[in-house]
*Asks:* 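Here it is, the structure, as structure tokens.
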Amino acid sequence: MASPQAITVRPFHYSSTGKPTLFCGQRSLESLAREHGTPLYVYSADQIRQRFHLFQQSATTSRQTLICYAVKANSALAILQLLAAEGAGFDIVSGGELERVRRAAPEALGRVVFSGAGKTTEEIDLGIQAEILAFHVESEDELSLLAARAARLRRPARFSLRVNPDVFAQTHPYISTGLSEHKFGIPIAQARRIYRAAQAHRWLQPHGVSVHIGSQICSAEPFGAAIQRVARLVRQLAADGIVLQSVDAGGGLGIDYESPRAFDPAATVSAYRQAIEQGLGNLPVSLVLEPGRFLVAQAGALLTRVLYVKKNVRRTFVITDAGMNDLIRPALYEAYHEILPVAPRTGRTLPVDVVGPVCESGDFFARNRRMPPVLPGDLVAVLDSGAYGMAQSSNYNTRPRPAEVLVQGREARLIRRRESIADLFAPELLP
Ligand code: LLP
């Protein structure tokens with residue numbers, strides 16, 4: 001029996017007594033489906049806390065570190081509240097996400113960093129008024145606007161330039177951001193000049209420098225390479241008399257979707273932290289980290305019921321009541337998600353396509369995947385869906401979005417009710 005302290009890769013496991021059935025922590029997924037219906041996102045609060053603590057405890061030096069959870073990965077208010085209670089700050093990319101932090105944990109507004117290449121005037125004003133920790137500025141135009149708004153509101157605005165270090169992140173092209181061909185950040189060679197120019201603005205306060213090279217990065221090396229370049233810039237600026245307090249290394253630490261049994265979360269974070277510390281050397285700065293996926297992906301699953309099993313000439317399709325509008329990662333990035341039957345049947349495994357009801361051939365969760373036999377009415381769990389699952393869901397095909405539950409011990413709390421069809425029509429107007 002695993003001790004409560006054991007580092008788990010996932011909170012989902014089969015019961016060890018009786019007929020095997022899938023649990024999230026101490027709650028059976030069958031009971032959750034009965035109570036809340038399907039499709040249903042199920043998250044483990046304990047697992048999210050455990051991942052957060054892993055990050056917190058991975059320090060190899062006494063450097064002051066703030067972990068700003070990337071809200072975009074899973075922006076459920078209940079999850080933000082849970083993380084804020086553990087001391088998390090937040091990385092946000094919109095006025096909407098700022099409002100989420102305000103509602104879930106107003107005391108954490110001072111621990112917010114605001115990223116994103118296209119902030120509007122309204123969003124900048126909201127951030128200044130909320131006295132967030134820092135704006136991550138991505139262009140000279142944005143810096144001018146920030147200066148103008150801060151002057152107008154007569155409030156100081158702390159900023160870090162987000163630099164583009166021109167480092168290859170070794171990940172899917174859609175989620176790689178640190179090369180000069182990408183729209184993100186300011187070329188690192190221009191940063192020194194821009195920091196110098198910003199000194200003329202009374203209301204602008206240079207706080208630090210930030211970098212984010214991409215997502216689902218499974219090797220520590222690109223992080224180290226990016227931070228080395230950032231550290232060089234911080235030293236050059238110090239020589240110019242501009243002393244930055246903080247380096248923000250962004251997010252991006254990946255998980256192993258395909259072979260979770262070989263994945264060691266503690267060793268992964270520790271190698272990552274070490275690479276960053278090595279890059280920083282003895283630079284006297286605090287550190288901000290912006291993990292999203294690593295904290296929440298493996299804590300969540302999308303629970304869905306099989307509607308039909310259809311055999312065509314070449315393939316067998318398992319059609320579920322969840323679709324690409326509920327979890328778009330396989331369709332958008334050809335992402336792999338392990339799928340487990342909740343109550344596995346005995347019999348030969350067969351290759352099947354697990355697909356949703358949406359009218360697109362891209363609406364699949366798995367193709368040509370060997371699974372034990374499944375029948376209409378069975379439940380299956382699409383694993384590692386806690387990050388960029390619900391957060392990227394939509395109402396495509398006028399489908400109401402799933403409910404979400406957060407499991408803690410034996411308790412499962414509904415943290416978002418299922419949308420009704422009436423909810424979907426609320427903003428629409430007829431003459
Ligand atoms: N900080 C910034 C500035 C970011 O843009 C992101 C993610 C993060 C932090 C968090 O990255 P993470 O630790 O989660 O890798 N939808 C895609 C991932 C998009 C990531 C966008 N930026 C997916 O499902 O794989």
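Below, each value reflects all heavy atoms present in this structure, side chains not excepted, and no hydrogens, waters or symmetry copies. Just follow the structure's listing: the first ligand is 1, and inside any ligand the first atom is 1.
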*Asks:* What are the atoms of ligand 1, with element, lying closer than 4.0 Å to any heavy atom of Ala70?
*Replies:* 8 (C), 9 (C), 10 (C)

*Asks:* Name the option, out of Ser215, Ala387, Gly292, that contains the heavy atom nearest to atom 15 (O) of ligand 1.
*Replies:* Ser215

*Asks:* Please could you name the atoms of ligand 1 that Pro291 approaches to less than 4.0 Å, counting only its heavy atoms?
*Replies:* 13 (O)

*Asks:* Is the closest N or O pair between Tyr333 and ligand 1 shorter than 3.5 Å?
*Replies:* yes

*Asks:* Considering heavy atoms of the protein only, find what lies nearest to atom 14 (O) of ligand 1 and give residue, atom and distance to 0.1 Å.
*Replies:* Tyr388 OH, 2.6 Å

*Asks:* With a 6.0 Å cut-off on the ring centroids, do His212 and Phe184 count as close?
*Replies:* no

*Asks:* For Pro400, give me all partners under side-chain contact (heavy atoms from CB on, under 4.5 Å), at least two apart in sequence or on another chain.
*Replies:* Glu419, Ile421, Leu424

*Asks:* Any idea which protein heavy atom is nearest atom 12 (P) of ligand 1, and the distance to it?
*Replies:* Gly252 N, 3.4 Å

*Asks:* Is a side-chain donor-acceptor pair under 3.5 Å present for Asp326 with Ser393?
*Replies:* no

*Asks:* Side chain, backbone, both or neither: which applies to Phe294 and ligand 1 if a contact is any heavy-atom pair less than 4.0 Å apart?
*Replies:* neither

*Asks:* What atoms of ligand 1 come within less than 4.0 Å of a heavy atom belonging to Gly251?
*Replies:* 1 (N), 9 (C), 13 (O)

*Asks:* Atoms of ligand 1 less than 4.0 Å from Gln392 heavy atoms?
*Replies:* 16 (N), 24 (O)

*Asks:* Any atoms of ligand 1 less than 4.0 Å from a non-hydrogen atom of Arg162? List them with their elements.
*Replies:* 3 (C)

*Asks:* May I ask you to identify the nearest protein heavy atom to atom 19 (C) of ligand 1, giving residue, atom name and distance to one decimal place in Å?
*Replies:* Ile175 CG2, 3.7 Å

*Asks:* Tell me, please, whether Phe364 has Arg367 positioned over its six-membered ring: NZ or CZ under 6.0 Å from the ring centre and within 45 degrees of its axis?
*Replies:* yes

*Asks:* Would the Phe23 and Tyr14 ring centres measure less than 6.0 Å apart?
*Replies:* no

*Asks:* Is ligand 1 under 4.0 Å from a heavy atom in the side chain of His136, in the backbone, in both, or in neither?
*Replies:* neither

*Asks:* For Leu204, which of Phe135, Phe159, Tyr195 qualifies under side chain to side chain contact (heavy atoms under 4.5 Å, CB included)?
*Replies:* Phe159

*Asks:* Judging by distance only, is a nitrogen or oxygen of Ala73 under 3.5 angstrom from one on ligand 1?
*Replies:* no

*Asks:* Nearest heavy atom to atom 6 (C) of ligand 1: which of Glu290, Arg293, Lys72, Arg329 does it belong to?
*Replies:* Lys72

*Asks:* Among Arg399, Arg416, Arg417, find the one that has a salt bridge (charged side-chain N to carboxylate O under 4.0 Å, His left out) with Asp423.
*Replies:* Arg417

*Asks:* Applying side-chain contact (heavy atoms from CB on, under 4.5 Å), name anything that partners Gln56, two or more places apart in sequence or on another chain.
*Replies:* Phe52, His53, Ile67

*Asks:* Between Arg102 and Glu97, does any NZ, NE, NH1 or NH2 come within less than 4.0 Å of an OD or OE carboxylate oxygen?
*Replies:* no

*Asks:* Checking a contact table here: which protein heavy atom is nearest atom 8 (C) of ligand 1, and how many Å away?
*Replies:* His212 CE1, 3.4 Å

*Asks:* Which residue, Asp321, Leu303, Thr320, Val382, forms the side chain to side chain contact (heavy atoms under 4.5 Å, CB included) with Pro39?
*Replies:* Asp321

